[in-house]
2 protein chains.
Amino acid sequence: MSKFTSHMDAALTEARRAAQRGEVPVGAVVVGPQGEVLARAGNRTCADHDPSAHAEMLAIRAACALLGRERLTGCDLYVTLEPCAMCAGVISGARIRRLYFAASDPKSGGVDHGARVFTHPQCHHAPEVYSGLSEARSAALLREFFAKRRGPG
Amino acid sequence: MSKFTSHMDAALTEARRAAQRGEVPVGAVVVGPQGEVLARAGNRTCADHDPSAHAEMLAIRAACALLGRERLTGCDLYVTLEPCAMCAGVISGARIRRLYFAASDPKSGGVDHGARVFTHPQCHHAPEVYSGLSEARSAALLREFFAKRRGPG
């Protein structure tokens with residue numbers, strides 16, 4: 001199993017745990033320059049009463065707290081869903097080197113859709129972006145979650 | 001003094017306090033539906049080692065924590081500088097009713113510049129936006145801070 005698959009698997013595990021807590025199933029992992037996992041998190045917006053508590057935001061904040069600095073230069077982020085505009089903003093602010101995301105998010109995404117945060121001169125750092133890794137598994141988790149929430153019929 | 005000026009004055013006080021701590025001078029205040037101040041904050045990215053610790057983000061998170069919910073429906077945000085893409089994202093997520101900002105930010109703004117977060121269908125709630133209130137005072141604070149940081153010459 002490649003390191004990429006292993007890190008995205010860890011993000012998918014966080015997404016599943018989020019679903020078990022009743023949160024939208026999105027998970028994220030921050031990996032350091034030597035391939036070490038620095039932080040992992042799932043969505044906690046409901047549990048924390050915090051609209052900023054997306055998986056990417058929480059994992060980045062935890063990694064920064066661990067390292068005691070506000071930039072994660074040389075670190076990579078794995079996330080199961082295309083980040084929204086808010087999370088794309090913090091990914092840029094944290095100077096994440098590479099962003100790997102699984103499922104595309106035409107409805108709320110801010111990387112390949114809508115605000116396309118990394119494409120403007122007002123964005124002072126853009127990560128390399130790789131998408132599609134484990135896309136089917138992430139999309140299945142999300143579909144299952146929203147189907148259950150809507151209920152039968 | 002109108003309530004608008006009074007709330008923006010409070011945000012400017014937070015911006016000045018941020019500058020005294022060596023942080024970029026931006027301040028924000030969240031005001032509830034009855035005009036009560038729910039939370040106020042200044043930038044803390046350096047102090048907290050947290051790239052997300054912008055004034056708007058901290059004030060919104062504090063107001064949500066106070067109310068015990070992830071949405072600030074009916075609440076307004078006063079901030080001394082045009083929000084970046086990240087902060088525009090959390091303003092939308094928190095369902096802020098009205099956004100008042102002082103100085104425009106052509107370099108890093110995400111409301112009237114760059115990502116223009118509120119203008120896309122991927123943004124599921126856009127606040128009413130009012131800009132220019134106390135603009136000169138906020139811009140002077142920022143100019144003074146960056147002039148000092150660059151040093152003489």
Side-chain angles (χ1 to χ4, degrees), chain A residues 23-24 43-54 56-73 75 82-96 104-125, chain B residues 23-24 43-54 56-73 75 82-96 104-125:
Chain A
E23 306 268 359
V24 175
N43 245 338
R44 296 188 58 86
T45 54
C46 303
D48 292 355
H49 308 302
D50 180 355
S52 80
H54 287 188
E56 306 91 305
M57 176 67 80
L58 295 175
I60 285 174
R61 294 181 61 217
C64 287
L66 181 75
L67 300 180
R69 49 189 169 88
E70 63 171 303
R71 290 188 174 178
L72 298 172
T73 311
C75 298
E82 178 186 343
C84 69
M86 174 187 76
C87 289
V90 78
I91 286 165
S92 172
R95 304 298 191 263
I96 289 287
S104 179
D105 190 359
K107 186 169 166 277
S108 307
V111 174
D112 288 344
H113 299 90
R116 290 180 167 80
V117 168
F118 301 140
T119 65
H120 308 281
Q122 286 77 7
C123 171
H124 306 300
H125 166 86
Chain B
E23 307 268 358
V24 174
N43 245 340
R44 297 187 57 87
T45 54
C46 304
D48 291 357
H49 308 301
D50 180 355
S52 81
H54 287 187
E56 307 91 305
M57 176 69 78
L58 295 176
I60 286 173
R61 294 180 61 215
C64 287
L66 181 77
L67 300 179
R69 48 189 170 88
E70 62 170 303
R71 291 190 174 177
L72 298 172
T73 311
C75 297
E82 178 186 344
C84 70
M86 175 186 76
C87 289
V90 78
I91 286 165
S92 172
R95 304 296 190 264
I96 289 287
S104 179
D105 189 0
K107 187 168 166 278
S108 307
V111 174
D112 287 344
H113 298 91
R116 291 181 166 78
V117 168
F118 301 140
T119 64
H120 308 281
Q122 286 77 8
C123 171
H124 307 301
H125 166 85

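No hydrogens, no waters, no symmetry mates; every other heavy atom, side chains included, goes into these values.
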Under 4.5 Å to a heavy atom of chain A? For B:Cys46 that would be both
How about A:Met57 and B:Met57: do any of their side-chain heavy atoms sit closer than 4.5 Å?
yes
Value for CZ (B:Arg44) from CD (A:Glu70), rounded to nearest 0.5 Å, stands at 12.0 Å
Honestly, the part of A:Ala94 sitting under 4.5 Å from a heavy atom of chain B is both
Max heavy-atom pairs within cutoff under 4.5 Å with chain A, candidates B:Cys87, B:Gly93, B:Ala85, B:Cys84, goes to B:Ala85
- Query: Does any non-hydrogen side-chain atom of B:Ile60 lie less than 4.5 Å from one of A:Ser52?
  - Reply: no
Q.
Please determine whether the number of non-hydrogen atoms from other residues, nucleotides or ligands lying under 6.0 Å from atom CZ of A:Arg95 exceeds 12.
A. yes
Can you confirm whether A:Arg71 is buried at CZ, in the sense that more than 12 heavy atoms of other residues, nucleotides or ligands lie under 6.0 Å from that atom? no
Any A:Cys64 side-chain heavy atom under 4.5 Å of B:Asp50 side chain: no
Closest heavy-atom pair, B:Gly68 versus A:His49, reported as atoms and distance to 0.1 Å, is O-ND1, 3.1 Å
Of B:Arg69, B:Arg61, B:Arg116, B:His113, the largest count of non-hydrogen pairs under 4.5 angstrom with chain A goes to B:Arg61
Between B:Gly114 and A:Gln122 the two heavy atoms that sit nearest each other are CA-OE1, 3.1 Å
